[in-house]
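First comes the structure, then the notes that go with it.
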Amino acid sequence: MRWPKGLTGLCYGGDYNPEQWPAEVWRTDVELMRRARVNLVTVGVFAWSRLEPQPGRYDFDWLDRVLDLLHDGGIRVALATPTASPPPWFSLRHPDALPVTADGVRLGHGSRDTYCASAPAYRTAARRIAAALADRYRDHPALALWHVHNEYGTSCYCEHVAVAFRAWLRARHGDLDRLNEAWTGSFWSQHYSDWAQVCPPRATQYLGNPSQLLDFRRFVSDELLAAYVEQRDLLRAATPDVPVTTNYVLGGWVPVDHARWSAEVDLVAVDHYPTEAGPGAEEQTAFAADLARCWARRTARSGARKGPFLSDSVAAGALPNMPGGPAWLLMESAPNLLLTPGRMHAKEPGRMTRHSLAHVARGSRGAMFFQWRASRGGAEVFGSALVPHAGPDSRAFREAVSLGAALDRLSEVDAGTVRAPVAVAWDAESWWATQATVLPSARIDYAAEVSAAHRALFRAGHTCDLVVDGDDLSGYALLVLPAHYLLSDRYAARIRNYLAAGGHLLVGYLSGIADEHARVRVGGYPGALRDLLGVRVEEFHPLDPATRLPLSDGNTGRDWAETVRLTGATPAVTYTGGLLDGQPALTRHRYGDGLAWYLSTRLDDDPYRDLLAGLAAAAGATPTCPAAPAGVEAVRRSTAGTSWLFLLNHTDATQTVPVSGENLLTGEYADPVVLPAGGCAVLRETAAG
Ligand code: GLA
């Protein structure tokens, strides 16, 4: 992880789009930013048509003035390359660079992201505008960070993509025999005899090939990464001291393996927009922040990594680790709105601050927003902003000012690292493979399974890591593997070692089913983990939504059940009644010095929380702040000598937490801490809390 020189304390600011406003507004903006203590803004994300109004003819005058004004105001800049939004002239000139959908429709201009990342003309134009910006602003004192593109995540199915996909497949599989084997080519007559026959997974008559779909997602991730790396390398060459990043977007449609990408960015930066308005928003916030923190660990050691299918230039040079550990940055969030499906929900007073502090508590080096000033036109006219349409005389802006002051008072926490005693496994490829495969039940969604495990630990008061293949597992008391559909032999061996060395493991249904080509491991589920778990699953029993299977501990299972045969494990909970009467629902198996559990059905949130809380306790993990009442989130950042305890009251009642320390937000010593409804405290703890 690298950090911009001269940028101290926590970052506060967001996307700033001065190109949407007359110059008189820029001065006001800088004054307001100073009032709110904004110290970093992202400029130029979608400004390509203003920066290069005609091919090769640049207009940087306006951006010069904006950057000078910001610099005079003491505000640093994350300067974006505008390549997520090619100008209309580009699309007209290069129709072959317009994206084609899976069903063959070539899209037109009129929005953002209208490009094919494999089209040579697009890549050339993107490099050219990035180089022009680097050349112009390499010495500008406001430049703190390069922000490449915006939310990489598009796919295209055109002929350029077909050519690039074939090259990628050759590098991955070697020859067609291996490709046919990996893709089970003998199924439905899909045996390829010439590379020219291999295509992106375009629209087909009936179901597509899951292995092809999975490889396509991997390819798109690598292809977009290569496009990022081209820009990163030329920016690095121009400004070796300025870190380079891109903002990640999270979602089931995103064909980007962020864990893998994180070895190639200088700083992990994520955008996060909860999709729920209730307490789910806080749980989603914690989940996204924990993901970002765990991805950031890969950045810290990127010097050691090199992806197998990327060019040499992709292998990052060794980057210094930060004393504060894997820090990352919340690059975008919505200040005053929750964007729930079909409705924008105004955030209650204080909620923006609470969400921001939740990210900072989990390692973010600040809180950045989309966007600074609400646009007066365009596709996102009612989007969220620190300066809303109502202007600065508004509740939203007043809270923005108070958040700036709060972040200022918290700057010392930036040195602290977050440590989690428990972990849930995360795997983009299992997500993609389960999306590509017709599963026995449409009610299984990979991301929902992982979120449910994370939520259970969150509600049990644990700070939780989200680990991916390659992470060091040895420090965790408990590891949870929910619906980890794909499992390579290598990762299974690492889990085996973790367990043998004394780890505690809970494996959920639909884990270890398939190999890395999405081919089922035969002989009984969960193929890769049968011996560790001491079970052999013969049959799945997907349930209809109304069915509840009574369990011997008084809870019920829903949505999914299995015929589990014991091959060494002992039953801990059994199904009672019906087809599976007396058969194991939850099993327990000693393996080496460790303990492995297998859960073959879905539990409701409360019993799942109780189960994981019990397993964590038995494994020796304690919640972050055992005295915190339900609904109060507690997260600790610490250094060798100091710790800071974040307490966030997500309830609408006053809550008392029997802990003590100086509350940095008020400057007062608190003992106990009394949190008003929706209130927060950040305690500098004098002794281990
Ligand atoms: C994303 C994008 C922004 C904007 C916001 C709106 O995060 O990066 O450009 O579209 O969503 O919520």
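Both ligands and their constituent atoms are indexed starting at 1 by order of listing. Only a predicted model underlies this, so the values are computations on that prediction, with no experimental measurement involved. Just the heavy atoms: all of them, side chains too, but no hydrogens, waters or symmetry mates, feed the values below.
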For residues 7-20, dump all side-chain donor-acceptor pairs below 3.5 Å to protein atoms at least two apart in sequence or in another chain.
from	atom 1	to	atom 2	distance (Å)
Tyr12	OH	Ala400	O	2.7
Tyr16	OH	Asp29	OD2	2.8
Gln20	OE1	Ser375	OG	2.7

Any side-chain heavy atom of Val387 sitting closer than 4.5 Å to one from Trp372?
-> yes
Ordered by chain then number, the protein residues lying under 4.0 Å from ligand 1 by heavy atom are Phe46, Arg112, Asn150, Glu151, Asp271, Tyr273, Glu332, Leu339, Phe370, Glu380
Going by an N to O cut-off under 4.0 Å, is there a salt bridge joining Glu282 and Arg354?
-> yes
Scan residues 92-114 for pairs that pass salt bridge (charged side-chain N to carboxylate O under 4.0 Å, His left out), counting only residues two or more places apart or in two chains.
-> none
By side chain to side chain contact (heavy atoms under 4.5 Å, CB included), which residues pair with Ala164, not counting sequence neighbours?
-> Ser118, Phe219, Glu223
If you look at every heavy atom in Pro388 and Asn336, which pair is closest and at what distance?
-> CB-ND2, 4.2 Å
